[in-house]
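All residue numbers in this chain count up from 1 along the given sequence. Whatever order the structure lists them in is the order used to number ligands and atoms, beginning at 1. On a predicted model such as this, the values are computed, not experimentally measured, just so you know.
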Amino acid sequence: MDNSKNPLETYFRNNSDGRLIHKWLHYFEIYHRHFERFRGRKPVVLEFGVSQGGSLEMWRDYFGRGAKIHGVDINPKCKELERRRSKIFIGDQADREFLRSIVDEIGPVDVVIEDGGHQFDQQIHTFEEIYPTMAEDGVFLIEDLHTSYWPKNFGGGVRKPGTFIEYAKNLSDQLNAWHSRQPRKFQVDEFTRTTKSMHFYDSIIAFERGSVVRPTHERVGIKTVHDPDWKAARTPVGRVANRLLNR
Ligand SMILES: C[S@@+](CC[C@H](N)C(=O)[O-])C[C@H]1O[C@@H](n2cnc3c(N)ncnc32)[C@H](O)[C@@H]1O
């Protein structure tokens with residue numbers, strides 16, 4: 001994507017006198033790819049990590065009039081940034097009860113940007129409490145996942161159990177649970193039924209929600225390269241395949 005035409009990057013570049021925003025530059029393309037369809041549609045947006053309020057103003061500008069742009073931060077000073085259509089919730093995003101109280105107040109959210117404390121318990125609790133309550137076609141985008149690889153301050157490390165990245169790798173199996181042949185340990189669950197896709201980028205994962213039903217497949221056409229003497233035709237699977245193909 002040509003970032004000179006990315007409205008978020010344009011906003012960021014023109015913000016030299018505005019409230020402070022801190023973003024990795026490659027995030028703008030990813031945001032726009034997943035969030036563009038919500039612009040002008042009055043979405044409910046929730047950002048974890050308000051800091052100086054600059055990113056909330058950027059989202060307000062990007063999603064347009066009528067959007068409800070809410071924020072969450074542990075720092076009570078952030079409450080000063082609250083506005084009529086933009087609530088600021090003060091609390092610890094690792095606290096599940098606090099998270100549930102946010103959902104009770106604002107209802108289903110269309111877009112989540114998770115840019116809070118970046119500790120794994122914060123990330124996982126936030127995902128587990130907020131994701132299932134989101135709008136059916138919502139997007140949950142979690143960023144700065146490089147902390148999953150950082151031993152210092154975060155306790156991360158490559159393939160280290162407990163990090164958000166490892167947690168998300170397990171969820172990528174769950175996306176495929178329709179094809180399980182091990183029903184005792186691998187089954188379709190709510191995540192499987194409500195998640196269309198997971199997009200892994202450097203430092204970001206975007207979860208796209210949607211109503212998913214058991215996948216089906218079909219064959220069309222009659223022309224094949226089928227050869228009755230083909231070796232596999234003599235195996236039990238081959239015989240069944242032949243019968244089906246020649247019906
Ligand atoms: C990276 S900054 C957010 C930057 C902002 N979104 C931006 O783009 O400019 C992270 C914020 O998360 C907040 N934070 C840290 N730990 C938190 C926690 N446990 N719960 C909620 N917010 C937390 C910090 O106070 C800080 O303001």
Side-chain angles (χ1 to χ4, degrees), residues 3 6-32 34-35 43-63 67-83 86-106 109-131 133 139-150 152-156 162-164 167 201-206:
N3 261 345
N6 182 311
L8 287 163
E9 176 145 16
T10 303
Y11 181 97
F12 183 80
R13 294 283 172 216
N14 291 331
N15 190 52
S16 39
D17 296 334
R19 301 202 75 85
L20 192 143
I21 318 174
H22 182 198
K23 291 292 180 196
W24 290 75
L25 298 182
H26 69 284
Y27 289 3
F28 294 115
E29 181 191 342
I30 302 167
Y31 292 146
H32 194 40
H34 292 280
F35 297 163
V44 178
V45 177
L46 181 62
E47 182 169 46
F48 286 83
V50 171
S51 191
Q52 309 309 313
S55 53
L56 286 182
E57 295 207 339
M58 179 177 77
W59 301 127
R60 232 170 254 132
D61 178 83
Y62 179 73
F63 288 108
K68 291 185 182 139
I69 312 289
H70 306 303
V72 181
D73 207 288
I74 201 163
N75 181 353
K77 287 288 280 178
C78 293
K79 193 72 180 170
E80 291 167 16
L81 299 163
E82 190 162 75
R83 292 203 193 166
S86 177
K87 291 189 171 300
I88 307 287
F89 298 92
I90 302 299
D92 180 354
Q93 66 174 123
D95 174 352
R96 290 179 185 269
E97 231 171 85
F98 168 61
L99 294 166
R100 287 196 280 266
S101 73
I102 298 173
V103 174
D104 285 348
E105 193 163 339
I106 63 174
V109 174
D110 297 294
V111 174
V112 169
I113 303 111
E114 212 286 54
D115 183 24
H118 309 313
Q119 301 286 341
F120 313 135
D121 61 336
Q122 297 164 352
Q123 293 171 325
I124 293 171
H125 295 187
T126 301
F127 182 80
E128 288 182 349
E129 293 299 328
I130 303 292
Y131 187 74
T133 70
V139 178
F140 186 107
L141 183 146
I142 177 162
E143 62 191 52
D144 290 359
L145 289 174
H146 38 254
T147 63
S148 281
Y149 302 101
W150 288 356
K152 201 169 158 200
N153 299 329
F154 294 93
T163 66
F164 192 86
Y167 175 79
Y201 301 93
D202 170 89
S203 303
I204 284 184
I205 300 175

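- Nearest protein heavy-atom neighbour of atom 24 (C) of ligand 1: D73 OD1, 3.5 Å.
- Using bins of under 30°, 30° to 60° and over 60° for the plane-to-plane angle, the ring pair F164/F127 lands in the perpendicular bin.
- At the shortest separation from atom 4 (C) of ligand 1 among protein heavy atoms lies D115 OD2, 3.3 Å.
- When hydrogens are left out, the protein atom nearest atom 22 (N) of ligand 1 is I74 N, 3.2 Å; that is the closest non-hydrogen contact.
- With a heavy-atom cut-off of 4.0 Å, Q52 does not touch ligand 1 at all.
- Among protein heavy atoms, the minimum distance from atom 20 (N) of ligand 1 is reached at Q93 N, 3.0 Å.
- Scanning all protein heavy atoms for the shortest distance to atom 19 (N) of ligand 1 gives D92 OD1, 2.9 Å.
- The aromatic rings of W24 and H26 stand perpendicular to each other, their planes meeting at an angle above 60°, with 30° marking the opposite boundary.
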Item checked: Steps toward side chain to side chain donor-acceptor pair (under 3.5 Å) verdict (H32, N6) -> CA-CA 7 Å; H32 194 40; N6 182 311; 5.0 Å; no
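- Annotation: the span from N14 atom CG to E9 atom CD amounts to 10.5 Å, rounded to 0.5 Å.
- Atom 15 (C) of ligand 1 has as its closest protein heavy atom G117 CA, 3.5 Å.
- Comparing S55, G116, G49, G91 against atom 7 (C) of ligand 1, the shortest heavy-atom distance belongs to S55.
- Side-chain atoms of Y167 and E128 include a donor-acceptor pair closer than 3.5 Å.
- Using cut-offs of 30° and 60° on the angle between ring planes, the pair Y31 and W59 is perpendicular.
- Close contacts of ligand 1 with E47, meaning ligand atoms under 4.0 Å from a residue heavy atom, involve 6 (N).
- Aromatic ring orientation, H34 versus Y201: perpendicular (interplanar angle above 60°, classes split at 30° and 60°).
- If you check which protein heavy atom lies closest to atom 9 (O) of ligand 1, you get H22 N, 3.1 Å.
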